[in-house]
Protein chains: 4
Amino acid sequence: MRRKKEPTEIKKEIIDAARQLFLEEGYQHVSMRKIATKIGYTPTTIYIYFKNKEEILLHLLEEGYGLFYHELKIAYDHAFDQSHEIRLFNMCEAYIYFGLKQPDYYNIAFMNNLEKNTSKIENSDRYNAFLLLNTVVKEFIQENAFSEMAQSDMDISHTIWASLHGLTSLLITFPQFDWGEQNRLIQFHIRTIIQGLKN
Amino acid sequence: MRRKKEPTEIKKEIIDAARQLFLEEGYQHVSMRKIATKIGYTPTTIYIYFKNKEEILLHLLEEGYGLFYHELKIAYDHAFDQSHEIRLFNMCEAYIYFGLKQPDYYNIAFMNNLEKNTSKIENSDRYNAFLLLNTVVKEFIQENAFSEMAQSDMDISHTIWASLHGLTSLLITFPQFDWGEQNRLIQFHIRTIIQGLKN
Amino acid sequence: MRRKKEPTEIKKEIIDAARQLFLEEGYQHVSMRKIATKIGYTPTTIYIYFKNKEEILLHLLEEGYGLFYHELKIAYDHAFDQSHEIRLFNMCEAYIYFGLKQPDYYNIAFMNNLEKNTSKIENSDRYNAFLLLNTVVKEFIQENAFSEMAQSDMDISHTIWASLHGLTSLLITFPQFDWGEQNRLIQFHIRTIIQGLKN
Amino acid sequence: MRRKKEPTEIKKEIIDAARQLFLEEGYQHVSMRKIATKIGYTPTTIYIYFKNKEEILLHLLEEGYGLFYHELKIAYDHAFDQSHEIRLFNMCEAYIYFGLKQPDYYNIAFMNNLEKNTSKIENSDRYNAFLLLNTVVKEFIQENAFSEMAQSDMDISHTIWASLHGLTSLLITFPQFDWGEQNRLIQFHIRTIIQGLKN
DNA sequence: TATGAATGAGGGTTCATTCAT
DNA sequence: AATGAATGAACCCTCATTCAT
């Protein structure tokens, strides 16, 4: 059954199918056949567009990081006239809501370290996102003049990242658990971290 | 010429073998054949004692929860004569270090939701661990007389759990990332959360 | 479809099928599936009896060498009361006729060097066969008192082997070629070599 | 932007690429895709110029025969003023050294019978080469006035061919075997055959 | 003339599992 | 209680080839 489609369109179909399956069943349990079946092509066809299974994953990762960074950047830019604390708060919100809106991307991007062998971490948008967070943190530090506490901005960034990741991934992984009112929890979570940093 | 064994004894052997493989080679690479070879039986024999592979894994999962709960309990009991804040702090430490010491257990226990279909969450040690955390949190609240802020102890527990899980899972998932001095980060992380709660 | 068979019987079936296919289509073009189909089993079954494709080949090789050596040995022993020239002649005949009677074995054993990586050549029956030939050659040399020509017995053995192999493999590879009366050619071929050595 | 090319030119490019791959990586590892990549076209394009893969291989095969015949012819012509025995000797040398220099050509040409189905043996250069050998043999017979032995020149040619093929193919197939000093063996081998014929 | 898109067949191998004994 | 025999389904991936454009 031959159809006529833009190459980019098929590539997109593959990526879309792969993303969904990767989320639902985990990278290891997704086979090329499954992806192929899902888009109505033969497994062979996929190999025209991607060298192998790993390349699909890599593509997905970069895409996911890109979207993620983009969201954070918007939150950062949008509150340009606010205090740095508010900007930080907004970014934290953006982080968590990105994960909730795009659990598939988030899952692939942060809950498995699938780049183990590729190690071009430094120039990916994942790193850029972290750098952006770090920037806000530094500004936030200056704003608050954390005089006595000489805690490095890195530790602070790590702590924030970890806390955000923690709530996001739990909410994704255990959706049926009783989290109370989700939005309230999120607000409280972020508030707690930021308050904690100010002391 | 094998000497007679109690059924429970063989069951134990199977679990032991599975656990070892599981910890040595990682969750993904445990196969029935490997387990069988390790204990000197045929794969078929395993099916006498366990319905299928999943049942072995579930057994292991519960074991993991048990260990986890045990560790938290020790931390809780050990500081019985201290302030509740310190007890909370200790439990937080215990949480993170358990994950770092038993990354594979932690991984199946909290980073994959293997019980998706079994839904007996409520009576597992995972839940007990959470309840224990919640207990300390309540005591901690009383101690601090968080008068004005009527934030539910549940939200607080969730926030703590999420933060702890966040750092733990990130440290496990991205070990080669530059986290600075790990112990200092952990201490700072916990301190930040607790401070945040006090405001 | 389950049957009841001796393990050795099935192993033999596999070997038989593999031998035929290897000859007909060449090692590279024989798939495990083909072998399996030929004997009416699933490919998986073969893996119960052989670790992988290569192991089947190795088995076949050893078997072939064994038979080959056996035939030569018989020819050697049988003419124990004859002159060494006659014994040599008989062995040469045995060599060629073995190839013609067992083209499949001969093909696998001598026309492809499939042991490239295994290199336990020295203790195989292939080597033993060569040593037997070498023995006769030495006796033949002594008998003829090749005084002046100090050609090593090794060169002589190699030359004989090469000549025998040449005719055998050509007769196998190009059966439709017009070789004249085959037996006469064989006799003449052997006679020529031996005469050549005596000069 | 490719400049226009003569059909024959592209056909040549394909053959050239195929030959190189063929000689570099061996007969088994030539794939249409590799050939195509090597010449900078799509696999599809090749099918415009050749019906299928076999046709390319056949083309190459004929080329191999051509080269082979050419080498023998040179040896034959070169010693036109020598005795026929010497001419025969030279041709034998040429035969073996061709095989050693072009093992891959030799391999497809004589060690696999690829033409099984095509059966145009009679007019190929392989046959011509054999005829050339036969010619020398006849001249050699006349020269030696093999009076008594009414052995057909065909038997003699076959015997020579077989012996040459035998050494050549063994040297190619088992290169790591200890053949002693190769050139000496080759000389001895040829000498033996020719001496054998003279008796 | 040349290609991009697609495929069907097949490659070796591993897996959890079953069933008769 | 334990096994040996066997399987079906799946794994990733490569191949020669075709067809519409």
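These figures come from a predicted structure and were not determined experimentally. The sequence lines fix the lettering, A, B, ..., with proteins before strands; numbering per chain opens at 1.
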Can you tell me how far [atom2] of [N] sits from [atom1] of [X], to the nearest Å?
X	N	atom1	atom2	value
B:Ile10	F:dA1	CD1	P	9 Å
C:Lys34	E:dG12	NZ	C1'	13 Å
A:Ile39	E:dA6	CD1	C1'	11 Å
D:Glu55	F:dA16	CD	C1'	14 Å
A:Ile46	F:dT14	CD1	C1'	14 Å
A:Leu57	F:dC12	CG	P	13 Å
A:Phe50	E:dA6	CZ	P	13 Å
D:Met32	E:dT3	CE	P	14 Å

List in chain and number order the residues that pass ring-ring contact (aromatic ring centres under 6.0 Å, His included) with C:Phe22, two or more places apart in sequence or in another chain; answer none if no residue qualifies.
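Partners of C:Phe22 under the ring-ring contact (aromatic ring centres under 6.0 Å, His included) test: C:Tyr27.
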Looking at residues at least two apart in the chain, or sitting in another chain, which of them share a side-chain contact (heavy atoms from CB on, under 4.5 Å) with [X]?
X	value
D:Glu25	D:Leu21, D:His29, D:Lys34
A:Thr37	none
A:Thr44	A:Thr42

Does any non-hydrogen side-chain atom of C:Lys38 lie less than 4.5 Å from one of C:Gln20?
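A side-chain contact under 4.5 Å exists here.
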C:Ile14 vs C:Lys12 side-chain heavy atoms within contact, under 4.5 Å
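Sidechains of C:Lys12 and C:Ile14: no contact.
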Closest-nucleotide mapping onto DNA chain E: is B:Asn52 or C:His29 further toward the 5' terminus? I mean the 5' end.
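Going by which nucleotide is closer to the 5' end, it is C:His29.
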Just jot down the side-chain hydrogen bond (donor to acceptor under 3.5 Å, both in side chains) partners of C:Glu63, sequence neighbours excluded, or say none.
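Scan of C:Glu63 (side-chain hydrogen bond (donor to acceptor under 3.5 Å, both in side chains), adjacent residues dropped) gives C:Tyr105.
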If each of A:Lys53 and C:Pro43 is mapped to the nucleotide of DNA chain F with the nearest heavy atom, which maps nearer the 5' terminus, i.e. the 5' end?
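Looking at the nearest nucleotide for each, C:Pro43 comes out on the 5' side.
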Nearest-nucleotide wise, let me know which of A:Val30 and D:Arg33 is further upstream toward the 5' end of DNA chain F.
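Upstream on the strand: A:Val30.
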Under the side-chain contact (heavy atoms from CB on, under 4.5 Å) rule, what do B:Met32 and B:Tyr47 come out as? Steps first, then yes or no, please.
CA-CA 9 Å; B:Met32 295 300 257; B:Tyr47 287 88; 3.6 Å; yes
Side chain of [X] - closest among [options]:
X	options	answer
C:Ile48	F:dA2, F:dA6, E:dG11	F:dA6
B:Tyr47	E:dG11, E:dT18, E:dT3	E:dT18
D:Thr44	E:dC15, F:dC19, E:dA2	F:dC19
A:Tyr41	F:dT17, E:dT7, F:dC13	E:dT7

Can a side chain N or O of [X] be found less than 4.0 Å away from OP1 or OP2 on [N]?
X	N	value
A:Ser31	F:dC11	yes
D:Thr45	E:dT3	yes
A:Tyr49	E:dA6	yes
B:Thr42	F:dT3	yes

Using Watson-Crick and G-U wobble pairs whose two distances are both under 3.5 Å, how do you write the pairing of DNA chain E as dot-bracket, with | for links to another strand?
.||||||||||||||||||||
